[in-house]
Amino acid sequence: MGVAPTSVQPGVYLKTTILFLVLVTAAQSPVSQTSVVNRVPLFRKGAIRVLILSGQNNHDWRTTTPFLERLLLNTGRFDVRINQEPVGMTSDTLAVYDVVVLDYNGPRWGQTAENALADFVRSGRGLVAVHGANWAFSGLVVLADHHVPTGIMEPAWPEYKSMIGGVWSDQDPASGHGKRHTFLVKISDLHNPITAGFPGTFEADDELYHNMHMSEGVHILATAYDDLKYKIPREQKPANIPTNWPHLDFNPTGKDEPMLWTVNYGRGRTVYTTLGHDVKAMGMPGFSTIFVRSVEWAATGAVREPEPEFRSWAEPPAHQQ
């Protein structure tokens, strides 16, 4: 004797299907809301939560990363953590943060970590990348400390260029910079919250990058004139350059080059600055003030208490000491 099939009402079937899909989606979600809730009380109440990604750079990340943390903490607006091994990063790692700062230039992280960062920014969070971070993931040779080529060649991460707005390239016109020197940075947008209220220029003691390969949708906030007199002569270039060293350009362009820009990536906000070669460069009032305001804007879309003038945040205000 056969068993009659069970009759299921269409509405019940639909509700059951929806519930099943919700449960499956929740089970597959990379972010644990319980983890986020449990971690929030570990940060200072009301502070913008910042994660600095570091641990590898051809620049001196061992001094620059703690210095960037110091600049942020001295404002009293931020609480900061540092991750020196981004390879293990997941969406759950990032979920509690408002903004990520990149002081990183090294090997690729793998699909899980790279997707986690892209999803983080795309969902409406912030990203601020500093100086050599735009060499990373560009398809050029991976550099170790003191610019030593490792011989590691990896394919570019195309999404990264879209996310930060511009990268180094050895394709014509090749990227590069002349001799380090002191120069004026000219603000080209005095209405953006990052730059609003400032004088039209500030001083930098830094490398002046030129011929960055830009993506679409970049909004330039500041530029600097790449003076021809700071060309690096052939005899001063490194000797015995390995064959896998990219073709770079050490001849200034004689034109204004972008120094600071923003990108809208999904619902998120990205800021990149070519400045910040070392602690000396980062301690300059212009870099320092622009950096802390960039992090706040990337995290929140606003700058709550803009400084009336450029100042270095290497030391906290007198009333905080």
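- Remark: side-chain polar atoms of Thr150 are paired, donor with acceptor, to backbone N or O of Val142 under 3.5 angstrom.
- The pair Asp119-Arg125 fails the salt-bridge criterion, with no side-chain N (NZ, NE, NH1 or NH2) lying under 4.0 Å from an Asp/Glu carboxylate O.
- Proximity of Glu159 to Tyr265: side-chain heavy atoms (C-beta onward) are separated by under 4.5 Å at one or more points.
- Judged purely by distance below 3.5 Å, without hydrogens or angles, the side chains of Thr300 and Glu296 never pair a donor atom with an acceptor atom.
- Side chain to side chain, His181 and Glu207 fail the donor-acceptor criterion of an N or O pair below 3.5 Å.
- In this model, no donor atom of one side chain and acceptor atom of the other lie less than 3.5 Å apart for His277 and Asp206.
- Formation of a donor-acceptor pair under 3.5 Å by the Arg269 side chain with backbone atoms of Gly126 is not found in this model.
- At a threshold of 4.0 Å, the pair Glu305-Arg77 does not count as salt-bridged, since none of the basic side-chain nitrogens sits closer than that to a carboxylate oxygen.
- Residues Trp109 and Leu117 form a side-chain contact, since some pair of their non-hydrogen atoms from C-beta on lies under 4.5 Å apart.
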Stepwise side chain to side chain contact (heavy atoms under 4.5 Å, CB included) check, Val40 with Arg49: CA-CA 9 Å; Val40 167; Arg49 299 186 291 273; 4.1 Å; yes
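- For the 3.5 Å distance criterion, the side chains of Asp60 and Thr63 qualify, holding a donor opposite an acceptor.
- No side-chain heavy atom of Ser288 sits under 4.5 Å from any side-chain heavy atom of Met282.
- In the model, Tyr209 has a side-chain atom that pairs as donor or acceptor with a side-chain atom of His131 under 3.5 Å.
- One hydrophobic cluster, built from ILVMFWY side chains closer than 4.5 Å, cannot hold both Val101 and Met284; they sit in different ones.
- Exactly one residue among Thr273, Thr274, Thr223, Leu275 makes a side-chain contact (heavy atoms from CB on, under 4.5 Å) with Leu260. That residue is Thr273.
- Of the charged side-chain nitrogens involved, at least one lies within less than 4.0 Å of a carboxylate oxygen, so that Asp205 and Lys280 count as a salt-bridged pair.
- Here CD1 of Ile82 is found 5.0 Å from CD1 of Ile52. Values are rounded to the nearest 0.5 Å.
- Taking the centre of each ring, Phe310 and Phe198 come in below the 6.0 Å mark.
- In this structure, the side chain of Thr112 does not engage the main chain of Thr90 through any donor-acceptor pair within 3.5 Å.
- The hydrophobic cluster containing Tyr225 does not contain Val185, counting ILVMFWY residues as joined when their side-chain heavy atoms lie under 4.5 angstrom apart, directly or transitively.
- Residues Val50 and Asp79 form no side-chain contact, since every pair of their non-hydrogen atoms from C-beta on lies 4.5 Å or further apart.
- Met212 has its side chain out of reach of Glu257: every pair of non-hydrogen atoms, C-beta onward, lies at least 4.5 Å apart.
- Geometric assessment of Arg44 against the ring of Phe78 yields a negative cation-pi assignment under the 6.0 Å and 45° thresholds.
- Arg293 places no side-chain N or O within 3.5 Å of a backbone atom of Pro306 that could act as its donor or acceptor partner.
- A donor-acceptor pair shorter than 3.5 Å can be found between the side chains of Asp226 and His210.
- The closest side-chain donor-acceptor pair between Tyr104 and Gln84, if any, does not fall under 3.5 angstrom.
- A donor atom on one side chain and an acceptor atom on the other are found under 3.5 Å apart for Tyr272 and Asn134.
- Annotation: cation-pi pair Arg311/Trp313 present, NZ/CZ under 6.0 Å from the ring centroid and within 45° of its normal.
- The distance between the ring centers of His59 and His147 falls below 6.0 angstrom.
- A distance of 8.5 Å separates CG in Asn264 from OG1 in Thr270, rounded to the nearest 0.5 Å.
- Judged by distance alone, the side chains of Ser175 and Asn211 never bring a donor and an acceptor atom under 3.5 Å apart.
- At a threshold of 4.5 Å between non-hydrogen side-chain atoms, the residues His213 and Pro173 count as touching.
- Taking the ring centroids of Phe250 and Tyr230, they lie at or beyond the 6.0 Å cut-off.
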